[in-house]
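Note sheet for the following structure.
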Amino acid sequence: MKIVDNIKDLRLELELLETSKRSLGFVPTMGAFHEGHISLFKNSIKENKHTAVSIFVNPTQFNEQSDFENYPKNNARDLEILEDLQHIDLVFLPKPEDLYLKSSSSISVNPGQKSELLCGMSRPGHFRGVLTIVLKLFNLFQADRAYFGTKDYQQFLLISEMVESFNLPIELRLVPTYRESDGLAMSSRNQHLNATDREEAPILFQSLEMGSLQIKKGENDTMKLIEMMMTNIIENSHFDIDYLSIVDPVSLEDLIEVHSKRPYLIAIAAYISGTRLIDNLLHLPQA
Ligand code: AMP
């Protein structure tokens, strides 16, 4: 496993990989690995001759400096995890000044209107930051496939649209959300939860599942469903809900009516003791 911390060395190492008739899988991350990240790495290892990983806490996608500064970091442990997987060829650990040159700081990707919905409502500029760094990394790595988690579904959707809009020669893969045994979606931010928060946190996914069950049973009214899920969360935890929406998974527009035979996404973001958690339930019935 080669570890590089600058663009020049990254290009050199990628050239070496290219000599061996490669297929390259790429997993962009912000580090502080958990099983969710590991499932992305394993998917890439399965489908590609080589796998490359980037670890970069991207400053431009954070709305608050304190959130950026408090984001969990553990490079030493992350590198051990990657080494233990035995099939990671290349790890890129750049410094912000390496990726963001002052001269180009005003040029960025316009993430379009869907970036203003769901997480975009309370995190203005977040997806502009995400798409810009992902485009830069795609350009640097020139990978054949890139792997993303369903937990950040809106991010995946916007990256897919960027790939389509700019004709980027890369295939995207969406990997299911990896969960703790009680249903809590794994997240680097879970490290910030205290014992009470952690006990209450599974209520998010439990409520999404409760909503989905009611849809299966024939409840079509999204307002009723949202109210039911919100009540369940508010009555059983001290979560402060940012949004809870039932939307079309392509347009991200709110659905007025929902049906189990049609696609829908139930998405939530909520704060607990200042930590923002997100989760979703993506329903894509076979045609
Ligand atoms: P992050 O390091 O949080 O930026 O995440 C890097 C990648 O891992 C993103 O594509 C996330 O969607 C994905 N990811 C995060 N949490 C999970 C999870 N619990 N299960 C699967 N993938 C995840």
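In listed order, ligands and their atoms are each counted from 1.
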Original post:
Taking heavy atoms and a distance under 4.0 Å, where does Ser187 meet ligand 1: side chain, backbone, both or neither?
Top reply: neither
Subject >> Nearest non-hydrogen protein atom, atom 3 (O) of ligand 1 >> reply: Tyr71 OH, 3.6 Å
**OP:** Report yes or no: is the cationic atom of Lys114 (NZ for Lys, CZ for Arg) under 6.0 Å from the centre of the six-membered ring of Phe127, at an angle within 45° of the ring normal?
**Re:** no
Would you mind writing out the side-chain donor-acceptor pairs for residues 29-36 within the sub-3.5 Å range, not counting sequence neighbours?
| from | atom 1 | to | atom 2 | distance (Å) |
| --- | --- | --- | --- | --- |
| Thr29 | OG1 | Gly31 | N | 3.1 |
| Thr29 | OG1 | Ser54 | O | 2.8 |
| His34 | ND1 | Gly36 | N | 2.9 |
| His34 | NE2 | His37 | ND1 | 3.4 |

Subject >> ligand 1 versus Thr150: contacting region, heavy-atom distance under 4.0 Å >> reply: neither
Subject >> Distance filter under 4.0 Å to Lys151 heavy atoms, resulting ligand 1 atoms >> reply: 15 (C), 16 (N)
**OP:** Classify the side-chain pair Ser212/Tyr264 by whether it contains a donor and acceptor separated by less than 3.5 Å.
**Re:** yes
**OP:** For Met186, counting its heavy atoms only, list the atoms of ligand 1 lying under 4.0 Å from any of them.
**Re:** 16 (N), 17 (C), 18 (C), 19 (N)
**OP:** Select one of side chain, backbone, both or neither to describe which atoms of His37 lie under 4.0 Å from any atom of ligand 1, heavy atoms only.
**Re:** side chain
**OP:** Give a yes or no on this: more than 12 heavy atoms of other residues, nucleotides or ligands lie within 6.0 Å of atom CE of Met121.
**Re:** yes
Subject >> Side chain, backbone, both or neither: Phe56 near ligand 1, heavy atoms under 4.0 Å >> reply: neither
Original post:
Just heavy atoms, cut-off under 4.0 Å: does Pro28 contact ligand 1 by side chain, backbone, both, or neither?
Top reply: backbone
**OP:** Enumerate the atoms of ligand 1 whose separation from the nearest heavy atom of Asp152 is less than 4.0 angstrom.
**Re:** 11 (C), 12 (O), 15 (C)
**OP:** Could you tell me the residue and atom name of the protein heavy atom closest to atom 20 (N) of ligand 1, and the distance to it rounded to 0.1 Å?
**Re:** Tyr178 N, 2.8 Å
Original post:
Which bit of His34 is near ligand 1, meaning a heavy atom under 4.0 Å away: side chain, backbone, both or neither?
Top reply: side chain
**OP:** Enumerate the atoms of ligand 1 whose separation from the nearest heavy atom of Thr29 is less than 4.0 angstrom.
**Re:** 2 (O), 6 (C)
**OP:** Output the list of atoms in ligand 1 that are nearer than 4.0 Å to some heavy atom of Pro176, sorted by atom number.
**Re:** 20 (N), 21 (C)
Original post:
Are the side chain of Thr177 and the backbone of Lys151 linked by a donor-acceptor contact shorter than 3.5 Å?
Top reply: yes
**OP:** Give the numbers and elements of all ligand 1 atoms closer than 4.0 Å to a heavy atom of Met30.
**Re:** 1 (P), 2 (O), 4 (O)
Subject >> Contact atoms of ligand 1, heavy-atom distance to Phe148 under 4.0 Å >> reply: 10 (O)
Original post:
Without hydrogens or angle criteria, can the side chains of Ser23 and Asp144 be said to hold a donor-acceptor pair below 3.5 Å?
Top reply: no
Original post:
Is Gln154 reaching over with its side chain to a backbone N or O of Leu117, donor-acceptor style, under 3.5 angstrom?
Top reply: yes
Original post:
Would Arg145 and Asn48 count as having a side-chain donor-acceptor pair, cut-off 3.5 Å?
Top reply: yes
Original post:
Are any of the side-chain nitrogens in Arg179 or Asp279 under 4.0 Å away from the carboxylate oxygens of its partner?
Top reply: yes
**OP:** Measure the distance from atom 10 (O) of ligand 1 to every protein heavy atom, then report the residue, atom name and distance (to 0.1 Å) of the closest one.
**Re:** Gly149 N, 3.0 Å
Original post:
Without hydrogens or angle criteria, can the side chains of Tyr100 and Asn58 be said to hold a donor-acceptor pair below 3.5 Å?
Top reply: yes
Subject >> Nearest non-hydrogen protein atom, atom 7 (C) of ligand 1 >> reply: Leu40 CD1, 3.6 Å
**OP:** Run the numbers for me: atoms of ligand 1, each under 4.0 Å from some heavy atom of Thr177, listed by number.
**Re:** 19 (N), 20 (N), 21 (C)
**OP:** Give a yes or no on whether Glu199 atom CD has more than 12 heavy-atom contacts from other residues, nucleotides or ligands under 6.0 Å away.
**Re:** no
